[in-house]
Amino acid sequence: MYEQALRHSEATFRAGMLLAVLGASVIAVSVLVGLTGVGGTGGAYGALASGATGGAITSMSAAFAVHANRYRRHLAEQAAAVHEEVKADRAVERVLELVDTLESPEERDRLRRAAAVRILGLHTDPDAFMPLILDRPVRDTPDELEDRKP
């Protein structure tokens, strides 16, 4: 899909460049006709009309160039998003591989639960997250820990 969009972007860019060359050629021919005076008075009007046509063609090439740049920018954003997704998938795979190396099934289950909660973004609050890891409620508040200090 991205390859097709990239080809489309390149084709649009090439079409824009072709139109720019064509427009510049028409303008150059109209300038030559105007300078040489071919066709008398009518030639001057023809040169003016040709110059305007060349300007219009060159303007269309600018529209193609803007469109091609928009495509390229969009593709760059999509590529960055895909890269982030792949990076996140690799991180998840590594975490699960590390969890699978544990010998205790209880430890593996707890860490899988904790990893799933973190990966899904369900809890970011440590007070809600720690019971999943420790498999017991966390009862010590910061005030209780201060009271225990000697």
Side-chain angles (χ1 to χ4, degrees), residues 1-138 141-142:
M1 181 171 103
Y2 297 111
E3 192 172 311
Q4 180 183 3
L6 183 60
R7 280 195 307 256
H8 187 199
S9 172
E10 289 173 358
T12 303
F13 180 76
R14 286 188 184 127
M17 291 299 104
L18 179 66
L19 283 173
V21 168
L22 180 64
S25 300
V26 169
I27 291 172
V29 167
S30 69
V31 167
L32 286 175
V33 167
L35 289 176
T36 59
V38 175
T41 312
Y45 291 118
L48 185 61
S50 295
T53 303
I57 292 172
T58 305
S59 297
M60 286 186 348
S61 76
F64 272 89
V66 167
H67 191 63
N69 283 334
R70 207 176 288 151
Y71 266 127
R72 286 185 186 156
R73 216 175 12 253
H74 178 70
L75 284 174
E77 291 169 2
Q78 293 300 316
V82 167
H83 178 70
E84 289 301 317
E85 286 179 24
V86 168
K87 203 166 134 180
D89 286 346
R90 286 184 184 157
V92 168
E93 288 174 9
R94 288 182 61 206
V95 165
L96 293 177
E97 286 172 2
L98 287 172
V99 167
D100 286 340
T101 62
L102 297 173
E103 292 181 18
S104 168
E106 294 83 20
E107 291 285 324
R108 280 195 305 263
D109 289 342
R110 278 198 301 269
L111 287 176
R112 280 188 190 129
R113 280 193 312 251
V117 167
R118 281 293 222 193
I119 290 167
L120 295 174
L122 298 177
H123 291 289
T124 56
D125 180 24
D127 294 333
F129 186 67
M130 289 307 288
L132 290 174
I133 294 175
L134 300 175
D135 208 21
R136 63 177 171 79
V138 177
T141 64

What do the steps show when you test V92 against E97 for side chain to side chain contact (heavy atoms under 4.5 Å, CB included), and what is the final call?
CA-CA 9 Å; V92 168; E97 286 172 2; over 6 Å; no

Which heavy-atom pair separates A115 from V95 by the least distance, and what is that distance?
CB-CG1, 4.0 Å

Specify the closest pair of heavy atoms between S61 and A20, including all atoms of both residues, with the distance to one decimal.
CB-N, 3.3 Å

Is any side-chain heavy atom of [X] less than 4.5 Å from a side-chain heavy atom of [Y]?
{"X": "L19", "Y": "T58", "result": "no"}
{"X": "H74", "Y": "N69", "result": "no"}
{"X": "R72", "Y": "F13", "result": "yes"}

State the OG1-CE distance between T12 and M17, to the nearest 0.5 angstrom.
11.0 Å

What residues form a side-chain contact (heavy atoms from CB on, under 4.5 Å) with T101, not counting sequence neighbours?
none

Is a side-chain N or O of R108 found less than 3.5 angstrom from the main chain of V99, in a donor-acceptor match?
no

Could you check whether R14 makes a cation-pi contact with F64, meaning its NZ or CZ is under 6.0 Å from the centre of the six-membered ring and within 45° of the ring axis?
no

Pairing of E10 and R7 as salt bridge, 4.0 angstrom limit:
no

Strictly below 4.0 Å, N to O, side chains only: are D89 and R94 in salt-bridge contact?
no

